[in-house]
Amino acid sequence: MKDDTLNSSYLQPNPKKSRPSLWQKPITYLSLVLLGMGVGIGGTVAFSYPNLLAETSKNITSLQPAFAQDEVATIPPLTSENFVTDVVKEVGPAVVRIDASRTVQAEAPPMSEDPAFRRFFGSQMPNVPDSQIQRGTGSGFILSQDGKILTNAHVVDGTNEVTVTLKDGRTFTGKVLGTDPVTDVAVIKIEADNLPTVKAGNSDNLQVGEWAIAIGNPLGLDNTVTTGIVSATGRLSSQVGVGDKRVEFIQTDAAINPGNSGGPLLNARGEVIGINTAIIKDAQGIGFSIPINKAEEIAKKLIATGKVEHPYLGIQMVEITPEIKEKLQETEGIKVNSESGVLIVKVMPNSPADRSGLKAGDVLQSIEQQPLKNPGEVQQAVDKVEVGETLPLQIERNGNSLNLNVKVGLLPKQ
């Protein structure tokens, strides 16, 4: 029951100082106790009736200025606890663990081949086995309901069969349909039907700052989920430390550890945007993924023929910078006048570039009249043509412009 007397005495100061009545103190204490209970009950309501808070939040949002509402609208809609939970529930069943084993030749210590060493130790010489079995664990994700699985080439390197474990616990023997070490992509096939599958996104449209979700089996910990953002796109293989790969990587700060290799990198809609593949040693919060558009292109060729043919020029190149120009002048005696372009630092013997007349110190200015700024653009231009086709190059040599046609060759097996 509302106490009007108590409220009026609380809101309006009494001009006369008088001693509180015998009942006034107990009533005051009672009001404080009720106030405490009110706070406690309010907290209970907040936890027990989240819809009440949601309604309040909705009312507050309606009072925000238009630009603030636009910002809120860009956040993925919450259909359960949060959008990450939704993505994991949808995609998680299509992520698999891959256990691979390979036989490698063991090398005996050099000293064991020394006759004097063997005479001295005699029968105490340890027996070194001719070969040993190496085992490793990686991740993958299901592309089709009939059991085609995408993963990294290095996960299945050196073996034709692997063990594939689904999230529901089922285990299958997987056959390696093909691997491409140049892009680090591989395809596995298991005999099963009606499997859960992933949905591919468009990695060409990625924006830095987008949500990134990684699912995999790092360090043997199955079905691990980590989140972060897309930190950068178009990272060259030379920047990542894997110069032998032909990939422009997605960089993310979603935690990627050994065992994550081959697992999917997802956007906030649960679409695959990349294959988690590499980390830089001793780095924290930096991982790299193969863009899904590139991976799908390679996967189609592996499924169709079991191999991928890569076009090849046979040059080593760097982007022109003042530091590079100065170092080249000091160490090689080559003076480069160009301020932009791609510098050829080495031409492989008997390569297409060598046969066409390209030389170390030449500066690639354009390919098919498209200006060049960095080695990645050169590689992209080469990858767009078929083996045997001709590429028109514009180069600068000793201050003079030259036009050369290079017949693209087949990349030798590594």
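This is a predicted model, so every value here is computed, not measured.
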Evaluation steps, side chain to side chain donor-acceptor pair (under 3.5 Å), between Ser351 and Asp354: CA-CA 5 Å; Ser351 65; Asp354 186 26; 5.4 Å; no
On a heavy-atom basis, which atom in [X] and which in [Y] lie closest, and how many Å separate them?
X      : Y      : value
Gly409 : Pro352 : N-CG, 3.5 Å
Ala186 : Ala153 : CB-CA, 3.7 Å
Ala94  : Pro196 : CB-O, 3.6 Å
Pro291 : Ile250 : CA-CD1, 3.9 Å

Is there side-chain contact between [X] and [Y], with at least one heavy-atom pair below 4.5 Å?
X      : Y      : answer
Ile142 : Val96  : yes
Ile215 : Asn223 : no
Ile324 : Leu343 : yes
Phe141 : Val198 : yes
Leu404 : Ile395 : yes
Ile286 : Gln251 : yes
Ile213 : Pro264 : no
Val406 : Leu358 : yes

Please say whether more than 12 non-hydrogen atoms of neighbouring residues, nucleotides or ligands are located less than 6.0 Å from [atom1] in [X].
X      : atom1 : result
Lys325 : NZ    : yes
Lys175 : NZ    : no
Asn160 : CG    : no

Look up atom [atom1] in [X] and atom [atom2] in [Y], then write down how far apart they are to the nearest 0.5 Å.
X      : Y      : atom1 : atom2 : result
Lys294 : Asp204 : NZ    : CG    : 11.0 Å
Leu265 : Ile273 : CG    : CD1   : 4.0 Å
Thr277 : His154 : OG1   : NE2   : 5.0 Å
Leu177 : Lys189 : CG    : NZ    : 8.0 Å
Asn276 : Ile256 : CG    : CD1   : 4.0 Å
Ile149 : Phe172 : CD1   : CZ    : 9.0 Å

Is it the case that Asn260 and Ser139 place a side-chain donor and acceptor less than 3.5 Å from each other?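 Absent: no donor and acceptor within the cut-off.
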Any donor-acceptor N or O pair under 3.5 Å, side chains Gln370, Glu377: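 On atom types as modelled, these side chains do not qualify, holding no pair under 3.5 Å.
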For [X] and [Y], indicate whether the former's side chain and the latter's backbone hold a donor-acceptor pair under 3.5 Å.
X      : Y      : value
Thr179 : Pro181 : no
Asn205 : Asn202 : no
Asn152 : Val155 : no
Asn374 : Glu319 : no
Ser237 : Lys245 : yes
Ser356 : Ala353 : yes
Ser366 : Leu372 : no

Report the C-alpha separation of Gln379 and Asp383 in whole Å, then their side-chain angles, then the decisive distance to 0.1 Å, and conclude whether the side chain to side chain donor-acceptor pair (under 3.5 Å) test is met. CA-CA 6 Å; Gln379 194 59 66; Asp383 284 341; 3.3 Å; yes
Quick one: do Leu166 and Leu195 satisfy side-chain contact (heavy atoms from CB on, under 4.5 Å)? Show the steps, please. CA-CA 10 Å; Leu166 274 58; Leu195 294 174; 3.7 Å; yes
Answer yes when Arg97 and Asp222 have at least one side-chain N-carboxylate O distance shorter than 4.0 Å, and no when they do not.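 Yes, Arg97 and Asp222 are salt-bridged.
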Please walk me through it: do Thr224 and Asn217 pass side-chain contact (heavy atoms from CB on, under 4.5 Å)? CA-CA 6 Å; Thr224 296; Asn217 308 289; over 6 Å; no
For a side chain to side chain donor-acceptor pair (under 3.5 Å) check, start with the C-alpha distance between Gln380 and Glu248, then their side-chain angles and the critical distance, and finish with the verdict. CA-CA 9 Å; Gln380 286 178 353; Glu248 292 190 1; 3.0 Å; yes
Before giving the answer on side chain to side chain donor-acceptor pair (under 3.5 Å), spell out for Thr137 and Asp99 the whole-Å C-alpha distance, their side-chain angles and the decisive distance to 0.1 Å. CA-CA 5 Å; Thr137 299; Asp99 294 297; 2.9 Å; yes
Would Val185 and Leu150 count as a side-chain contact (heavy atoms from CB on, under 4.5 Å) if you check the C-alpha gap in whole Å, the side-chain angles of each, and the deciding distance to 0.1 Å? CA-CA 7 Å; Val185 173; Leu150 197 58; 3.7 Å; yes
By salt bridge (charged side-chain N to carboxylate O under 4.0 Å, His left out), which residues pair with Arg235, not counting sequence neighbours?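 For Arg235 there are no salt bridge (charged side-chain N to carboxylate O under 4.0 Å, His left out) partners, ignoring immediate neighbours.
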Go through the steps to decide whether Glu396 and Leu402 satisfy the test side-chain contact (heavy atoms from CB on, under 4.5 Å), and finish with yes or no. CA-CA 6 Å; Glu396 180 184 303; Leu402 297 175; over 6 Å; no
